[in-house]
Amino acid sequence: MRKIMILAAALLMAVACGQTKEQKTLVLYYSQTGTTQVVAEAIQQNLGADIEAIALVNPYDGDYGSTIARGQKEMQENAYPELLPIQADLSAYDVVFIGFPIWFGTYANPIETLLNTVDFSGKTVVPFCTFGSGGLNTSSDAVKAKLADSKVLPGYGVRAARIGAAAEEVKRFLLEGGFIEGEFEAYEAFSETRPATEEEVAIFDAAVSTYPMIQAKATEVASRPIPTGTEYIFTAQDRQSTVRIYVLAEEGKAPEFTQVLR
Ligand SMILES: Cc1cc2nc3c(=O)[nH]c(=O)nc-3n(C[C@H](O)[C@H](O)[C@H](O)COP(=O)(O)O)c2cc1C
């Protein structure tokens, strides 16, 4: 009997150890104007992970116009900015969250240098980003294409204008992904896509009205209830293309778009 109990205890401990095996996690991010840093710190705090900001030998000057000009030139000339050496010993980490602002529809230029010069093979990589209107999907695909020898998981992205919502969204993202333990209410799947009603078109128009760069007309929509209201995916016709725009309509708040998928 005693032997059986010892065996049972050993088994239980093995299971417990298996479940709690600590994955060593690093949050590595580039942030030019501080927005991505907010998300990086939220991830770091939830996970108790290590964190490091990527620094450049010759930093951008912080002015939007000149960063656009310099960034475009670097892309055209395939001459991406040199980084200061990463301080963390990458070999010590199983999981690396890589964060960046979206530039020109994909990850910011310093991340091109990072992915070209640092070895992430064998690691789990989780991209995260901040953006004016969108780019999580395209940048995540680009990270995946670059890091063929890493396990690149679905990432998290938030509009800079909604950075105040990031703390709560990051928590949910980490719970859903199993990075932290805890209870959360699973969201329903989106409905089938259907023609948008007049009322839904009005919600769409209100959500994008504050963002002059979106001049799109909603045609179809899918939706789902969420605890605070309704979430929509609108299909809309831009000047030249069809875009999908996610919209949150929460009780007591003006509708807002959360991302544009191109
Ligand atoms: C050079 C440059 C290009 C940008 N391109 C895009 C873009 O293509 N799409 C987008 O949604 N936002 C774009 N943005 C906006 C940034 O992604 C957004 O402001 C981001 O939150 C900045 O993050 P940071 O404060 O961490 O640098 C761009 C910003 C800059 C400076």
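Ligands are counted one by one from 1 in listed order, and the atoms in each one are counted from 1 as well.
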> Which residue pairs satisfy the salt bridge (Lys or Arg N to Asp or Glu O under 4.0 Å) criterion with at least one member in residues 36-53, sequence neighbours excluded?
Replying inline: K24-D50
> Side-chain contact, heavy-atom cut-off 4.5 Å: I98 with F120?
Replying inline: yes
>> Give me the atom names and distance for the closest heavy-atom approach of P81 to L56.
In response: CB-CD2, 3.8 Å
> Taking the six-membered ring for Trp, are the ring centroids of Y60 and W103 within less than 6.0 Å of each other?
Replying inline: yes
> Using a threshold of 4.0 angstrom between heavy atoms of the protein and any atom of ligand 1, which residues qualify?
Replying inline: S31, Q32, T33, G34, T35, T36, Y64, T67, I68, P101, I102, W103, F104, G105, T130, F131, G132, S133, G134, A160
>> For F234 together with F204, are the ring centres under 6.0 Å from each other?
In response: yes
>> Using a 6.0 Å distance limit plus a 45 degree cone around the ring axis, check whether R172 lies over the aromatic ring of Y187.
In response: yes
